[in-house]
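Naming convention: chains lettered A, B, ... in sequence-line order (proteins, then strands); numbering from 1 in each chain. Atoms considered below: every heavy atom in the structure, side chains included; atoms not considered: hydrogens, waters and symmetry mates.
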Amino acid sequence: MNPFSSGTRLRDMIRAIRACKTAAEERAVVRKECAAIRAAINENDQDYRHRNLAKLMFIHMLGYPTHFGQMECLKLIASPGFPEKRIGYLGLMLLLDERQEVLMLVTNSVKQDLNHTNQYIVGLALCALGNICSAEMARDLAPEVERLLQFRDPNIRKKAALCSIRIIKKVPDLAENFINPVAALLKEKHHGVLITGVQLCTDLCKVSPEALEYFRKKCTDGLVRTLRDLVNSPYAPEYDIAGITDPFLHIRLLKLLRVLGRGDADASDSMNDILAQVATKTESNKNAGNAILYECVETIMSIEDNGGLRVLAINILGRFLSNRDNNIRYVALNMLMRAITVDAQAVQRHRATILECVKDSDASIRKRALELVYLLVNESNVKPLTKELVDYLEVSDQDFKGDLTAKVCSIIEKFSPEKSWYIDQMLKVLTEAGNFVKDEVWHALVVVISNASDLHGYTVRALFRALQTTAEQESLVRVAVWCIGEYGDLLVSNAGMLNVEDPITVTESDAVDIVESAIKRHASDLTTKSMALIALLKLSSRFPSCSGRIKDIVVQHKGSLVLELQQRSLEFNSIIEKHQNIRSALVERMPVLDEATFGGRRASSLPNTVSTSSGTAVKLPNGVAKPSAAPLVDLLDLSDDVPAPSSSGGDFLQDLLGVNLPPATQSEGTNQTPKAGTDVLLDLLSIGSTPAQDNNLSTPDILSSGQDNKPIIASLDLLAAPSNMMDLLDGLGPAPPKPAENGPAYPSIVAFESSSLRLTFNFSKQPGNPQTTMISGSFTNLSSNLFTDFVFQAAVPKFLQLHLDPASGNSLPASGNGTITQSLKVTNSQHGKKPLVMRLRIAYKVDGKDVLEEGQINNFPRDL
Amino acid sequence: KSNTHGPTSSKNRWLFLSNACFFSSPNRTEISARIILPLGLPSPELGTAGAYSQRPSSIMIHFVCLISRQGKVRLTKWYSTYTQKERSKAIRELSGVILSRGPKLCNFVDWKGYKVVYKRYASLYFCMCIDDEDNELEALEVIHHFVEILDRYFGSVCELDLIFNFHKAYYILDELLIAGELQESSKKTVAKLISAQDSLVEVAKEEASSISNIIAQATK
């Protein structure tokens, strides 16, 4: 006997661990036990092997490493007795998962156990296989499992059926072997076998179209009969839950019927009666009944249309929605979200109730309700809905405000009927929850304001008022400061007064006061302070009488520890002091920001929106793919963490700057490649050469944003020497266009080819930018059917950056009679070291059926 | 806090960009990154893409866990593939979310594009992670079914029973669920199967002890 072997029983060990008062104590006990177990393993101790494994499992559950016990599981499984095998298989399932190599070693033991004479041992092996088998094991053992589907004992048959589910999920090719045995299971009376058989059948139909076709033809009627018998069966104590006989079986049958009925009018027809019966007869006062109703509604909504049934289903959802039970309301919201594609009108009817759910005290319900409301918005109801949501913004929980603000902003941007409404609503949001507004949202607002020339006065006055009442919301302060800087004169003169607004008297020094307070606010961050400095500079020209005071404020920052502020302060000071002759020209109003690129892209969603107002039921009410919209927003949030200079954030910045650079230069600039510094500076300054702008004007505008943009700082350096600056700026005429060089030519490739679709890529490079490849892809339809709703998705690894332009269309005519072209831009940060690689996903519809194709492109020319 | 992103721990990330206009987020001028696929796990983002469309074959229950009110894990069973790291992270996150929820709220929380259905029985929270589109109410029934079987087996079960006889709880769960799917809807059948196997173990023990008795006596 080894000296470490404490010989404690499992129970004693658990007791000892539970008695520990601190984590350190617990670790000590566990360490001691583990040492003893290791010693026992080394000695190949037989007597306590199963006890040791049980201890290890407990230790594993506490979160300690237990990999050293994995081989013990195999030894126990290989031993002859049932008790050893039982604990061995349990350990196998707990301590290992399908990725461990060790698992392969157990295949043979499992195979023997599957053929064991003791049915309980067969059951253990099936259970383990069903829970953790890998694709290799699935291939090796599928014949055994298939045979066990006909085993004499029903309890083995049901285990084999579930095990088969795992097998066909791991290796879908094996599906066809299971079709016949499963058809037999569906006729059984034993509930366990029936439940598992129906489940297996459902999964078979999902992986294999042949199986679906087969079961639809042969089994639909039988399944309908089974369900009818079940619904009408007398009280059966063994299966009864809340007065319903075996709700689990109900649910599984309904699920399978859904799969069979979807897309097939005949099959759908044959199940109409029983669905109507379930929908009307099921008791809805207990959870079990509601679970069945849930499944029934899903099935009705999925199978081919039968008007009467759908009304029934929508009514059930309406009842769910007004239920007092939170669970049921949550479920109702979820289901309405899916029902919206089927019957948007019916869902709209519940709008008021759904809106109430946005204000629920339960975060889960709020979140779902908000997503649903978002889907319900359209041109006709956007105003009242937005009002409700904005009002609620005021009182909502802090942790919900982020989600709510994002959704509200998105709704406002997408559906705003007119600019004044858009500006009004955005101001409200900024006032209530400005701290939750994302940068690109207020950037967009600034663009819109700058374009609405008749509203400049109104906007700046409204912002002034808002800022007077609340100065806590960062993005409100920024927008207000920007507008006061630009349109400060309108603020004081009350020009462009609208009928709806009350006149206010603002003196010039009031305007300066409020900007000054923005600088002095402790909470203001660098961006806000920088913007405020610019605003002050602008005001110094607009309000000559305040010039001296502004100079004093600006000068206060000359000792700022933040380089950006210090620099601005010094430069602006010298502009105010020494260059009064050019100051007014220098700080003239910003040229109208280019809304075209921004607006053009936003408009891309409009055609859909318009088409929906004609009111076809299947069309989505607001032109957004329903369920994807919600997760999408979250996904986009994610992308914020990923540095993606060429993505929208950067572009907005560029838009704000009024920089009209060709895309290649943009990415060069934002990539901050060191060598690009001077070029970019030239380019940045050369924007002045566009007709609308004046050279001198643009400089401070560049300064007004983006302190983390190196080139801009570079330009600041230039400004630091004011005397040189003039010369420099004057010297910069329009930058001479670089002579167009032809980059190296690359052969075209067939990037993707399937039986129905071919995608070819042509490559080109912009001269002087070897990292970036312009790809022009063209899709050709090789089949004889029209592809509609064509969606192309591409993915690249992290070292690449991908930019997709909108495709030329979303339907692809049959037999190569037309193409969709798609341009992509890939920037390879590891140019010369790693070749391009890309994954594709292409989704489209053929005859209303969804098709998804995926592939990976590895045959890019090497040096792209 | 709940958060609907897919697990992001996998090293090999692919960012999918799409050209489809209806995918584009309204507040961005550009179509931007959308899908981060965790390798080896079904992607919930894709699953929800089409409302009533054919969804990829999915498992019903991804994992089951029992967490005590103090946040201690009493049982975990994983039917989808997760690494050890992902497992402990999942449990940590979920216990944070679930234990802090008030008593009158609904029994579902969104978690990384999945749904976790939980129910509290005395000091224990029974949790099941299911797909976003699966039937939450049914999952609640499955949980209750499990609890009733435990209750019958242990005779008004309490947390201590499950601590000291954790392996028995696993055996029962294995008779109830395989591959994340329900195996048996009859409590009686489960009880029968478990007791049959328990008695097999008893018989083996007795034999062992009787043999050792015989040997002991023989060597006296």
Next on the checklist: With a 4.5 angstrom heavy-atom cut-off, is it the side chain or the backbone of R101(B) that approaches chain A, or both, or neither?
Outcome noted: side chain
Checklist outcome for this item: Checked R87(B), K104(B), E184(B), Q183(B) vs chain A; the most non-hydrogen pairs under 4.5 Å come from Q183(B)
Next on the checklist: Quick test of your reading of the model: are E138(B) and K255(A) salt-bridged, counting only N-O distances below 4.0 Å?
Outcome noted: yes
Checklist entry - If you tally heavy-atom pairs under 4.5 Å against chain A, which of L75(B), V73(B), T76(B), V142(B) wins? => result V142(B)
Checklist entry - Does a donor on one side chain sit under 3.5 Å from an acceptor on the other, for R258(A) and T202(A)? => result no
Item to check | Option in N155(A), I195(A), I165(A) with maximal non-hydrogen atom pairs under 4.5 Å from chain B | outcome: N155(A)
Item to check | Among the listed options I163(B), L105(B), V203(B), V201(B), the residue most often paired with chain A at heavy-atom distances under 4.5 Å | outcome: L105(B)
Item to check | D325(A) portion near chain B, given a 4.5 angstrom heavy-atom threshold | outcome: neither
Item to check | chain B contact via I241(A) - side chain, backbone, both or neither, heavy atoms under 4.5 Å | outcome: side chain
Checklist entry - Does a side chain donor of either D805(A) or H803(A) reach within less than 3.5 Å of an acceptor in the other side chain? => result yes
Next on the checklist: If the threshold is 4.0 Å, N to carboxylate O, is there a salt bridge linking K158(A) and E181(B)?
Outcome noted: no
Next on the checklist: Is F166(B) close to chain A through its backbone or its side chain, or both, or neither, when contacts mean heavy atoms under 4.5 Å?
Outcome noted: side chain
Checklist entry - When you check the side-chain N and O atoms of E238(A) and T189(B), is any donor under 3.5 Å from an acceptor? => result yes
Checklist entry - Using a distance-only test with no angle check, is there a side-chain donor-acceptor pair under 3.5 angstrom linking N287(A) and H144(B)? => result no
Checklist entry - Should R368(A) and D132(B) count as an ion pair when the cut-off is N to O under 4.0 Å? => result yes
Checklist entry - Between E133(B) and K115(B), is there a salt bridge with N-O shorter than 4.0 Å? => result no
Next on the checklist: Which atoms of E202(B) are under 4.5 Å from chain A, going by heavy atoms: the side chain, the backbone, both sets, or neither?
Outcome noted: neither
Next on the checklist: For the interface with chain A, which of S185(B), A139(B), S88(B), A196(B) has the highest count of heavy-atom pairs at distances below 4.5 Å?
Outcome noted: S185(B)
Item to check | Part of Y89(A) within contact of chain B (heavy atom distance under 4.5 Å) | outcome: neither
Checklist entry - Does any heavy atom of chain B fall under 4.5 Å from the side chain of S361(A), the backbone, both, or neither of them? => result both
Checklist entry - Does M61(A) offer a backbone N or O that forms a donor-acceptor pair with the side chain of R74(B) under 3.5 Å? => result no
Checklist entry - Is D174(B) paired with K77(B) through a side-chain N to carboxylate O contact shorter than 4.0 Å? => result yes
Item to check | Region of R86(A) that comes under 4.5 Å of a non-hydrogen atom in chain B | outcome: both
Checklist entry - Which heavy atom of A288(A) sits nearest a heavy atom of E141(B), and at what distance? => result N-OE2, 3.4 Å
Checklist entry - Between D198(B) and K168(B), does at least one N-O distance fall below 4.0 Å, as a salt bridge requires? => result no
Next on the checklist: At a 4.5 Å cut-off on heavy atoms, which part of N334(A) comes close to chain B: side chain, backbone, both, or neither?
Outcome noted: side chain
Checklist entry - Any idea which of K188(B), Q197(B), K205(B) has the most non-hydrogen atom pairs under 4.5 angstrom with chain A? => result Q197(B)
Next on the checklist: Taking side chain as everything from C-beta outward and backbone as N, CA, C, O, which of these in L824(A) sits under 4.5 Å from a heavy atom of chain B? Side chain, backbone, both or neither.
Outcome noted: neither
Checklist entry - Considering only heavy atoms, which portion of I87(A) lies under 4.5 Å from any heavy atom of chain B: side chain, backbone, both, or neither? => result both
Checklist outcome for this item: Most contact-rich option vs chain B, by heavy-atom pairs under 4.5 angstrom, among H191(A), K159(A), E84(A), is K159(A)
Next on the checklist: Between L66(B) and chain A, with a heavy-atom cut-off of 4.5 Å, which part of the residue counts as in contact: side chain, backbone, both or neither?
Outcome noted: neither
Checklist entry - Relative to chain B, which segment of D246(A) carries a heavy atom at a distance below 4.5 Å: side chain, backbone, both, or neither? => result side chain
